[in-house]
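See structure below.
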2 protein chains.
Amino acid sequence: MSTVQSIERAFAILQVVAAHPDGVGVTAVSQQVEMHKSTVSRLLATLEGVGAVARLPESNLFRIGPSLLSLISQVPFHQQLIALASPFLHQLTAQIGEDSGLCVPDGDQVLQIDQVRGQQQIQVRNWIGERYPLHSSVAGKLFLAFFAEERRERYLRERPLIRYASQTYTDPDQLRPHLLAIRQHGYSWVLDEFADGLAGLAVPIFDSNNQIVAAVTIYGPSFRFPGDNRAAVLSLALDAGRKMTDLLRQSNR
Amino acid sequence: MSTVQSIERAFAILQVVAAHPDGVGVTAVSQQVEMHKSTVSRLLATLEGVGAVARLPESNLFRIGPSLLSLISQVPFHQQLIALASPFLHQLTAQIGEDSGLCVPDGDQVLQIDQVRGQQQIQVRNWIGERYPLHSSVAGKLFLAFFAEERRERYLRERPLIRYASQTYTDPDQLRPHLLAIRQHGYSWVLDEFADGLAGLAVPIFDSNNQIVAAVTIYGPSFRFPGDNRAAVLSLALDAGRKMTDLLRQSNR
DNA sequence: CAAAACTGTTTCATAATGTGGGACAAACAT
DNA sequence: ATGTTTGTCCCACATTATGAAACAGTTTTG
């Protein structure tokens, strides 16, 4: 599989330019990417031509240009989330060995928008694109817990808490304190609630207004998950969630 | 000035990929950019390698990848705004002939973060990087008008309305109804308030929470600006402001 | 105020690099 | 089963990118 060098070089240059918000010059870039001045000059001129970088006025320093922003502005938010989360999900799955996933609230349901498969012989099925109720899923309970009280109560009032498995919460008065605990702990877990034998963990991703926008989830069969290293799994997941929140906030203001 | 073709091609491909949120295949891309399948395949493979595009799971369709997002997530919000606004400012200046600018609120002041020069022999000076008070500048009055009441009143209460020019508002009781009018009209204008002989116009840019985040401004000497085509100038500016608001909302959710 | 050290751009010979025709395999539709 | 699409691979060809060095502008230094 052959690749195109100049493109790889261009992106290496973009990385460097992006890392210098106040602008970088040709020479500085050429040193960091270990390429010759003239090459960097040509590549930067090309990138400027396509709008990927722009020159600071009254100087010849480069910064990231408008075309990259307009490129991603065409991309729907879900997809941006998926892209943002992708490396973290892969890392989580690599570290923990179980499937990880990404869910967003979708009205009164949860929508699974991504899932990274582990290598286990026994694993959960593929849920990408599927919707499930808020009260019986890891991510759903997390969303309920972090929604504003009014939205949470409206759900508990209007939606019957249908039983999906042996441990599903079907009584609002039992679910409420559980949600409070989830909110206090900052993560959510399930065991035999959505399906018997299925265990899961979910941590939140917040936007710049502290609204919950998505959940990172980890699932596995309950005989194996979370296992002995429960604390380690939890801290890995929480850490990933925090990092994604930070990233999202940076990109959204 | 020579440019690197493969990079230009890569970005043409990225444009197409970005325009298809649900994924595009090699053949479809090759038709739209009018390049051969094998070339597109190679370029896309390279772009995938650097993370600029990613394959949809269980298919060979491409969508925009995580690296572009992480690139721009390193870019501070001001700079993103500048990049977002840049094409609009240039267009406005080209259409109207006067300097256009971009301002953000910065505490109790206005910060000018960008300015596009026109070709006039008599023109305003360069304000990039400068700060000025809220009550005597076009953008500042716009911010005051669209701030929450509490923040507006605190400013009017705590800050003396210093006179900068003959028509500066120095009495809060006269400024208040003026701000109300600005809010109702959706734009702000100024004449001999910041400096004698200086006229200006400002339109708002809002974020997804309807908070005002920036102002697009147009300045000129009052003997020439806004001139006969006042209505046309205004509608051009308002239109640009609306488009930038839309873009910002798209990229922020 | 000139010399020195830096900047970024340009030129140009060289060959390395990217190109596209076509063959190939794999998936899908008929 | 055949036919039609998909994406990838191979390879000869020359177009295309490359880097050394020279150049032209700026800023720093003495």
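We name chains A, B, ... by the order of the sequence lines, and we start the count at 1 in each one. This is a predicted model, so every value here is computed, not measured.
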Side-chain N,O (A/R9) to OP1/OP2 (D/dG19) below 4.0 Å: yes
For nucleotides 6-8 of chain C, print each protein N/O atom paired with a nucleotide N/O atom at under 3.5 Å, atom names and distance only.
from: C/dG8; atom 1: OP1; to: A/V26; atom 2: N; distance (Å): 2.7
from: C/dG8; atom 1: OP2; to: A/T27; atom 2: N; distance (Å): 2.9
from: C/dG8; atom 1: OP2; to: A/T27; atom 2: OG1; distance (Å): 2.2
from: C/dG8; atom 1: N7; to: A/K37; atom 2: NZ; distance (Å): 3.2
from: C/dG8; atom 1: O6; to: A/K37; atom 2: NZ; distance (Å): 3.1

For atom CG of B/L47 and atom C1' of D/dT8, their distance in whole Å: 16 Å
Near-ring test A/F225/A/Y219, centroid separation under 6.0 angstrom: no
May I have the list of side-chain donor-acceptor pairs in residues 6-25 of chain A shorter than 3.5 Å, sequence neighbours left out?
from: A/S6; atom 1: OG; to: B/S6; atom 2: OG; distance (Å): 2.6
from: A/E8; atom 1: OE2; to: A/T3; atom 2: OG1; distance (Å): 3.2
from: A/H20; atom 1: NE2; to: A/Q32; atom 2: NE2; distance (Å): 3.0

Distance in angstrom units between A/I7 CD1 and C/dT17 P, rounded: 14 Å
Touch class at under 4.0 angstrom, heavy-atom based, for B/S38 against every strand present: base
Short side-chain N/O contact to D/dT18 OP1/OP2 from A/R42, under 4.0 Å: yes
Heavy-atom closest contact (B/P204 atom, B/I212 atom, distance): CB-CD1, 3.6 Å
Sole residue of B/V104, B/L142, B/T245 in side-chain contact (heavy atoms from CB on, under 4.5 Å) with B/I205: B/T245
Below 4.0 Å: OP1/OP2 of D/dG19 and any side-chain N or O of A/T39: yes
Nucleotide C/dG20, atom P - distance to CG of B/L44 in whole Å: 14 Å
Residue mapping more 5' on DNA chain C - nearest nucleotide basis, A/E48 or B/L43: A/E48
Lys/Arg-Asp/Glu bridge criterion (N-O < 4.0 Å) met for A/R242, A/D246: no
Length of the line joining A/I13:CD1 and D/dT18:C1', which is rounded to integer Å: 13 Å
For B/D192, side-chain contact (heavy atoms from CB on, under 4.5 Å) partners two or more places apart: B/S166, B/Q167, B/D196, B/S222
Nearest-Å distance once atom P is located in both C/dA26 and C/dG22: 23 Å
Short side-chain to backbone donor-acceptor contact, A/K141 and A/W189, under 3.5 Å: yes
Nearest-angstrom distance from the residue atom CE of B/M35 to P of D/dT8: 14 Å
